[in-house]
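For this chain, numbers begin at 1 and follow the sequence in order. Quick caveat: nothing in here was measured; it's all calculated off a predicted structure. As the structure lists them, so they are numbered: ligands from 1, and atoms in each ligand from 1.
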Amino acid sequence: MGGGGREHALAWRLASSPSVAAVRVLPGNAGTDGVRVPGSKTLIENVAGDPQSVAKSWGADLVVIGPEAPLCDGLVDKLSEAGILAYGPSAAAAQLEASKSFMKDFAQRHGIKTAPYRVLTDVDELEARVREFELPPVVKADGLCAGKGVVVSKTHDEAIAEAADMVSGARFGDAGRKVVLEQRIGGAEASIHAICDGQRAVILPAAQDHKRIGEGDTGPNTGGMGTYAPAPLVDAAMFAHVREKIVQPVIDGMLKDGIPFRGTLFAGLMIPEGEEPYLLEINVRFGDPETQVMMPLIEGDFAELLVGSARGDLAGVDVSVKDVHALCVVLASAGYPASSSKGDVIGGFGADSTQAVVFHAGTRRDGERVVTNGGRVLGVTGMGASLRVAADNAYRAVSGIEFDGVQYRRDIGYRALK
Ligand code: GLY
């Protein structure tokens, strides 16, 4: 379920899972509309309707939910009540993403390393609390804000103004009336995705993303302009540390609190030089565009992993990872991230091959043509034996694609490629 690049990548990977006979995407996009993955017999089709009745009428064996909003609204609970197996957390477990203060209190209570913080709802207290932090704190709206709820300010005054805007309801409505002030932690960011069954986790290769619109990581934040995996920052020792000190304690803590966590635990980490990582954020779904670089690295029956998680039984199930690198370049429409342009004709998709895959996000069919339909339009993932080769394959495929106002970064992966 979903219509972005993440869902195209999930559908693409599921279609080549041996146990999968059919993949249907609701509502999907132009990339998930009547396509076959090379080497797979499974057709991916878009459908319309409401998830419960559509899943029931197909006799769907598994519903995989992409975005956070339906998870936080309890779609997995509703599907489960209707006897349909669904991949993802319950609404109660999805609070780890739906409420930043829930996540911070949870981490603190269970001894998981996270940055010092304060939770506030009172405008009159804001100034004093912000000034308690030596450096201007990061201001986070408590609720879901479509990736726009985290603000990093240069001065205390700016942080106070940002927080006041949120707490008054002016910025994000009810989602911002409670804020988390969090001590700013420097370092390198990485993210880990774990597929959880309530007790156990299968951890996928680490990915790194570029959130800013501009080259050199400058300019406004976006949903993500590119990613690469595996992330060299997360070596074997770091991977083991994250499993032992972050992922498993989150799963154990949720179980102890009576809210077993099933589905994707997407842990946002900050790793200061020479220090152990901090858990700064949890999302309860796959990252976008992280999924577009993780899916090409996974082999074997990916669907079995998701079914194992949804059934609460991943015992004996593991992920098989290919020895390849993947790098995704996001192509955005004119005006993104402030706005987006719709209806521009897209040409030059010829690159789909073993070296690069074009994942659609904001696209739709208009007769015979494919046109832009949102901010992030395409994610072009190159694969290769090294990150350099993956980058070259991605950018070769990107160079053939055209639409009015296309914007993309030419430096995805620059730190790792240095
Ligand atoms: N790329 C960041 C996210 O999906 O939240």
Side-chain angles (χ1 to χ4, degrees), residues 1-10 13 29 64-72 87-89 94-100 103 138 140-152 172 175 180 182 188-195 204-214 217 219-231 233-234 263-270 279-297 326-332 336-337 359-362 374-381 394 408-409 412-413 415-416:
M1 228 202 98
R6 162 184 50 210
E7 288 77 21
H8 187 185
L10 288 169
R13 191 64 197 78
N29 57 39
V64 180
I65 297 150
E68 61 275 20
L71 291 167
C72 299
Y87 175 78
Q95 287 178 93
L96 284 174
E97 177 163 359
S99 167
K100 303 277 179 288
M103 179 265 157
V138 178
K140 296 182 169 182
D142 189 63
L144 293 182
C145 299
K148 298 188 171 71
V150 178
V151 181
V152 180
F172 300 120
V180 174
E182 188 183 64
E189 282 180 76
S191 64
I192 289 280
H193 287 67
I195 295 182
L204 306 185
Q208 262 177 284
D209 76 339
H210 293 274
K211 292 195 175 64
R212 307 294 191 100
I213 188 81
D217 295 318
N221 259 333
T222 69
M225 292 302 290
T227 37
Y228 52 100
L233 191 66
V234 184
T264 309
L265 185 73
F266 167 9
L269 310 175
M270 184 62 83
L279 174 65
L280 290 191
E281 189 174 278
I282 292 179
N283 295 311
V284 299
R285 37 80 193 172
F286 288 102
D288 187 345
E290 285 82 351
T291 308
Q292 291 88 314
V293 287
M294 292 189 299
M295 291 304 117
L297 266 49
L327 183 142
C328 175
V329 181
V330 168
L331 279 66
Y336 184 75
F359 292 119
H360 289 230
R376 291 188 292 169
V377 176
L378 300 167
V380 179
T381 299
Y408 62 90
R409 283 180 53 167
I412 300 302
R415 284 199 189 84

Exercise: identify the closest heavy-atom pair between Lys140 and Leu280: NZ-O, 3.0 Å
With sequence neighbours left out, what residues match His360 under side chain to side chain donor-acceptor pair (under 3.5 Å)? Thr363
Present, as a list of atom pairs with distances to 0.1 Å, all nitrogen or oxygen contacts under 3.5 Å between ligand 1 and the protein.
from: ligand 1; atom 1: 1 (N); to: Gly223; atom 2: O; distance (Å): 3.2
from: ligand 1; atom 1: 1 (N); to: Asp288; atom 2: O; distance (Å): 3.0
from: ligand 1; atom 1: 1 (N); to: Glu290; atom 2: OE1; distance (Å): 2.9
from: ligand 1; atom 1: 1 (N); to: Glu290; atom 2: OE2; distance (Å): 3.3
from: ligand 1; atom 1: 4 (O); to: Arg285; atom 2: NH1; distance (Å): 2.9
from: ligand 1; atom 1: 4 (O); to: Asp288; atom 2: N; distance (Å): 2.9
from: ligand 1; atom 1: 5 (O); to: Arg285; atom 2: NH1; distance (Å): 3.2
from: ligand 1; atom 1: 5 (O); to: Arg285; atom 2: NH2; distance (Å): 3.0

Begin from the C-alpha positions of Lys211 and Glu189 and carry the test salt bridge (Lys or Arg N to Asp or Glu O under 4.0 Å) through to its verdict. CA-CA 11 Å; Lys211 292 195 175 64; Glu189 282 180 76; 3.2 Å; yes
Test side-chain contact (heavy atoms from CB on, under 4.5 Å) applied to Val284 and Leu265, step by step: CA-CA 5 Å; Val284 299; Leu265 185 73; 5.8 Å; no
Could you tell me how the ring of Tyr228 sits relative to the ring of His210: parallel (under 30°), tilted (30 to 60°) or perpendicular (over 60°)? tilted
Check: Pro230 and Leu297 side chains under 4.5 Å, non-hydrogen atoms: yes
